[in-house]
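No experiment lies behind these values; they were computed from the predicted model shown.
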Amino acid sequence: MGALRPWARYGLLVVGHFLALVLGAAVLQALEGPPAHQLQAKLRAELATFQADYGVCLPPGALEGLLGTALAAQAHGVSSLGNGSGDGNWDLPSALLFTAGILTTTGYGNTAPLSSGGKVFCMVYATLGLPASLALVAMLRHYLLPVLSRPGAWAAAHWQLVPARAALLHAAGLSLLVGGIFLLLPALALWRLQGDVSLLGAIYFCFDSLSTIGFGDLLPGHGRGLHPAIHHLGHVALLGYMLFGLLAMLLVVETLAELPQVTAIVRFFESSGPSIAEDQGGIVEQDGLALSTLPPAAPSPEQAC
């Protein structure tokens with residue numbers, strides 16, 4: 001495998017990525033296809049029953065028009081079904097959650113701007129806010145990574161571990177810590193607060209948020225019977241969870257990316273051609289730094305005389 005040319009390695013990476021996409025699509029089709037068909041059949045049966053019972057009282061097409069309007073409003077996060085908690089979809093906590101979804105690229109999809117001015121503002125806001133948000137995350141990562149690496153360095157020195165094993169132990173410990181604080185504990189809290197959410201659904205939502213996927217099929221604060229204060233508090237808590245959770249996930253991803261096993265895989269797909277001037281300059285600087293740390297050589301007898 002090491003004798004492959006760079007273009008063959010890139011082609012192998014592209015083919016592997018495409019096969020992963022096809023495999024994921026096939027698995028999801030097999031898992032989600034039957035439940036979707038069952039739900040569609042149930043909906044059609046209920047609509048047929050409703051039309052059979054009340055069809056004589058409705059003008060032709062009235063029900064379809066009402067459902068179309070309701071579904072179009074639901075797609076923008078607007079719903080008047082049931083006794084909704086909160087003042088609306090664009091109160092201050094909901095608006096803060098929406099802006100946090102923009103800056104963290106989560107984008108749950110439950111709320112979308114309706115006005116032309118809101119759409120223009122979202123584009124300008126994302127254009128200016130995303131670089132600033134990335135700069136803030138990079139700065140925090142720069143200061144937090146050395147602090148988080150100290151326990152791993154202490155364990156390596158205490159147990160005299162080799163660097164590769166120490167790095168693996170540090171990455172595993174950090175992953176478990178972040179998973180417990182930002183995945184398991186919030187999922188348990190969400191599961192207890194919202195009675196209509198299963199534990200698996202709560203864990204799915206937390207992972208959905210931390211990975212910035214944001215499917216938008218589950219949001220805290222929209223449970224049945226929630227007090228308006230809990231509704232607003234859930235939005236504010238989710239705001240902080242998204243910001244700090246994204247930073248924690250980036251720290252874990254970068255720690256895993258620096259593992260020797262991962263860097264070996266990355267180097268396999270890198271070009272094996274001659275090093276460029278920038279790389280040579282970095283090597284010269286590292287050699288100069290290494291030489292500057294050496295102790296001064298003792299003078300020879302001739303120099304002493």
Side-chain angles (χ1 to χ4, degrees), residues 68-81 84-145 178 181-183 186-187 189-190 193-194 197 201-223 226-254 257:
T69 303
L71 291 176
Q74 187 71 31
H76 287 83
V78 178
S79 176
S80 61
L81 301 178
S85 59
D87 299 328
N89 295 80
W90 289 106
D91 52 9
L92 184 57
S94 300
L96 285 174
L97 181 61
F98 179 75
T99 54
I102 294 177
L103 296 183
T104 57
T105 67
T106 304
Y108 288 110
N110 67 304
T111 303
L114 294 171
S115 63
S116 300
K119 295 176 182 179
V120 173
F121 174 78
C122 285
M123 291 188 291
V124 176
Y125 185 80
T127 302
L128 299 178
L130 282 176
S133 180
L134 293 176
L136 176 62
V137 171
M139 181 188 68
L140 294 176
R141 177 196 59 81
H142 175 74
Y143 287 106
L144 288 177
L145 269 181
V178 172
I181 295 177
F182 291 96
L183 186 64
L190 180 62
L193 287 176
Q194 286 195 235
V197 178
I203 296 176
Y204 162 79
F205 164 76
C206 293
F207 180 81
D208 186 27
S209 301
L210 294 180
S211 58
T212 70
I213 298 174
F215 291 113
D217 53 348
L218 178 63
L219 278 177
H222 287 269
L226 285 177
H227 192 272
I230 300 179
H231 168 79
H232 294 306
L233 183 61
H235 280 72
V236 176
L238 182 57
L239 172 65
Y241 175 74
M242 290 168 60
L243 297 177
F244 290 103
L246 176 61
L247 175 61
M249 283 295 295
L250 289 177
L251 292 175
V252 171
V253 170
E254 184 158 351

Chemist: Roughly how far, to the nearest 0.5 Å, is CG of L134 from CG of L103?
Modeler: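 Those atoms lie 9.5 Å apart.
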
Chemist: Does T104 have any side-chain hydrogen bond (donor to acceptor under 3.5 Å, both in side chains) partners at least two apart in sequence or in another chain, and if so, which?
Modeler: T106

Chemist: What is the distance from atom CG of L144 to atom CD of E254, rounded to the nearest 0.5 Å?
Modeler: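 These two atoms lie 11.0 Å from each other.
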
Chemist: Which heavy atom of P113 sits nearest to which heavy atom of G118, and what is that distance?
Modeler: CB-C, 3.9 Å

Chemist: How long is the span from the CE atom in M242 to the OG1 atom in T105, to the nearest 0.5 Å?
Modeler: 8.5 Å

Chemist: Start with the C-alpha distance between C122 and F98, add both sets of side-chain angles, then the distance that settles side-chain contact (heavy atoms from CB on, under 4.5 Å), and finish with yes or no.
Modeler: CA-CA 10 Å; C122 285; F98 179 75; 3.6 Å; yes

Chemist: Would you say that F182 contacts S209 through its side chain, given a criterion of any heavy-atom pair below 4.5 Å between the two side chains?
Modeler: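 Side chain of F182 against side chain of S209, heavy atoms only: no contact under 4.5 Å found.
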
Chemist: Quick one, V178 and L251 - any side-chain contact, counting heavy atoms below 4.5 Å?
Modeler: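 Contact flag for V178/L251 side chains = no.
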
Chemist: Heavy atoms only: give me the nearest G245-L210 pair and the separation to one decimal.
Modeler: CA-CD2, 3.5 Å

Chemist: Contact between L250 and L140 at the side-chain level, heavy atoms closer than 4.5 Å - yes or no?
Modeler: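 Of all side-chain heavy-atom pairs linking L140 with L250, none is under 4.5 Å.
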
Chemist: Under the side-chain contact (heavy atoms from CB on, under 4.5 Å) rule, what do S115 and F121 come out as? Steps first, then yes or no, please.
Modeler: CA-CA 10 Å; S115 63; F121 174 78; over 6 Å; no

